[in-house]
Visitor: 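Mind looking over this structure? Questions follow.
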Amino acid sequence: MAHYEGDLRAPEGARFAIIASRWNARITDVLVAGARQSLDGNGVGADAIDVIRVPGAWEIPLVAARLAKAGQYVAIIALGCVIRGDTRHYEHVADGCAQGLMRVQLDYALPVLNGVLAVERIEDAEARAGGSHGNKGEEVALAAVEMAQLLEQLP
């Protein structure tokens with residue numbers, strides 16, 4: 001019986017893409033910095049990381065699909081922040097983004113890590129962008145490295 005498990009060694013020559021929304025930039029900038037730091041700390045040089053900025057979370061899946069189709073990356077990291085407001089718009093954006101990212105991941109058999117925060121209040125986002133709950137950008141970047149490494153092992 002074989003046992004497969006990824007680790008935090010990026011595959012040789014691996015390129016990673018970070019797609020980040022500009023909406024709620026105070027939060028997303030911290031997530032991007034965390035993701036870049038995490039990748040760097042695991043042997044992925046700055047020249048192997050492309051950061052693509054989009055207007056908001058709604059636009060992330062389209063860009064993820066374009067990048068996945070191009071076939072240049074071993075993983076895509078999606079970062080954004082959707083904060084509940086007074087209307088249902090929050091639900092449409094957060095759910096649509098998550099569903100779109102999953103679709104890209106499955107359609108292209110490529111890890112697409114969802115680091116798009118969907119929170120009730122700005123304080124909840126701050127807690128997840130370097131606050132008391134850590135930095136979700138760092139966490140999804142680590143998962144991206146692990147998944148890229150794992151997929152390299154699988155038959």
Side-chain angles (χ1 to χ4, degrees), residues 5-6 8 10 14-42 44 46 48-151 154:
E5 187 172 347
L8 295 176
R15 295 192 60 75
F16 292 81
I18 298 171
I19 306 170
S21 70
R22 288 191 312 270
W23 196 261
N24 292 315
R26 188 176 84 185
I27 300 298
T28 60
D29 289 350
V30 175
L31 296 174
V32 169
R36 291 180 71 136
Q37 180 180 0
S38 199
L39 290 171
D40 181 61
N42 285 282
V44 181
I49 304 167
D50 292 328
V51 178
I52 301 94
R53 290 292 192 151
V54 297
W58 187 256
E59 293 78 24
I60 294 173
L62 174 62
V63 174
R66 175 71 62 96
L67 296 178
K69 183 177 181 180
Q72 298 176 21
Y73 302 100
V74 297
I76 296 171
I77 298 163
L79 302 172
C81 180
V82 183
I83 302 170
R84 184 180 297 279
D86 295 331
T87 67
R88 291 186 57 234
H89 183 71
Y90 155 90
E91 295 167 11
H92 296 300
V93 173
D95 293 347
C97 180
Q99 291 166 2
L101 293 174
M102 180 58 74
R103 180 175 165 189
V104 172
Q105 178 169 253
L106 296 175
D107 287 354
Y108 292 95
L110 179 74
V112 178
L113 291 296
N114 186 353
V116 178
L117 305 178
V119 296
E120 297 292 322
R121 304 168 303 124
I122 187 71
E123 294 82 9
D124 299 327
E126 291 167 343
R128 289 158 179 79
S132 62
H133 288 85
N135 185 314
K136 298 305 173 186
E138 292 176 7
E139 292 176 18
V140 295
L142 291 175
V145 172
E146 183 176 343
M147 285 301 296
Q149 207 277 332
L150 173 63
L151 289 177
L154 295 177

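Treat the numbers as computed from the prediction; the structure is a model and nothing was measured.
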Visitor: Any side-chain hydrogen bond (donor to acceptor under 3.5 Å, both in side chains) involving residues 65-74? Give me the pairs, sequence neighbours left out, ordered by first then second residue.
Guide: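 Passing the test, one end in residues 65-74: Asp50-Tyr73.
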Visitor: Determine, stepwise, if the pair Leu8 / Gln149 fulfils side chain to side chain contact (heavy atoms under 4.5 Å, CB included).
Guide: CA-CA 7 Å; Leu8 295 176; Gln149 207 277 332; over 6 Å; no
Visitor: Looking at residues at least two apart in the chain, or sitting in another chain, which of them share a salt bridge (Lys or Arg N to Asp or Glu O under 4.0 Å) with Glu126?
Guide: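 Applying salt bridge (Lys or Arg N to Asp or Glu O under 4.0 Å) to Glu126 gives Arg26.
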Visitor: Using the salt bridge (Lys or Arg N to Asp or Glu O under 4.0 Å) criterion, which residues pair with Glu120? Sequence neighbours excluded.
Guide: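 Partners of Glu120 by the salt bridge (Lys or Arg N to Asp or Glu O under 4.0 Å) criterion, ordered by chain and then number, come out as Arg84.
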Visitor: What is the minimum heavy-atom distance between Ile49 and Arg36, and which atoms define it?
Guide: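 In terms of heavy atoms, the two residues are closest at CD1-O, 4.4 Å.
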Visitor: Do you know the tightest heavy-atom contact between Arg128 and Val119?
Guide: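 Between these two residues, the closest heavy atoms are CD-CG1, 4.4 Å.
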Visitor: Tell me, which pairs form a side-chain hydrogen bond (donor to acceptor under 3.5 Å, both in side chains) where one or both residues lie in residues 94-103, sequence neighbours left out?
Guide: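 Pairs touching residues 94-103 that pass the test: Arg103-Asp107.
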Visitor: Considering non-hydrogen atoms only, spot the tightest contact between Cys81 and Asn24 and give its length.
Guide: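 For Cys81 and Asn24, the tightest heavy-atom pair comes out as O-ND2, 2.7 Å.
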Visitor: Please check if atom NE2 in His89 has more than 12 non-hydrogen atoms from other residues, nucleotides or ligands closer than 6.0 Å.
Guide: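 No, the 6.0 Å shell around NE2 holds no more than 12 heavy atoms from other groups.
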Visitor: With sequence neighbours left out, what residues match Asp29 under salt bridge (Lys or Arg N to Asp or Glu O under 4.0 Å)?
Guide: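 Asp29 satisfies salt bridge (Lys or Arg N to Asp or Glu O under 4.0 Å) with Arg53 once adjacent residues are dropped.
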Visitor: Report the C-alpha separation of Ile18 and Leu39 in whole Å, then their side-chain angles, then the decisive distance to 0.1 Å, and conclude whether the side chain to side chain contact (heavy atoms under 4.5 Å, CB included) test is met.
Guide: CA-CA 11 Å; Ile18 298 171; Leu39 290 171; 4.2 Å; yes
Visitor: List the atom of Ala14, the atom of Phe16, and the distance in Å for their closest heavy-atom pair.
Guide: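 Closest pair (atom of Ala14, atom of Phe16, distance): CB-CE1, 3.8 Å.
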Visitor: Mind checking salt bridge (Lys or Arg N to Asp or Glu O under 4.0 Å) for Asp40 and listing every partner two or more places apart, or none if nothing turns up?
Guide: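 Scan of Asp40 (salt bridge (Lys or Arg N to Asp or Glu O under 4.0 Å), adjacent residues dropped) gives none.
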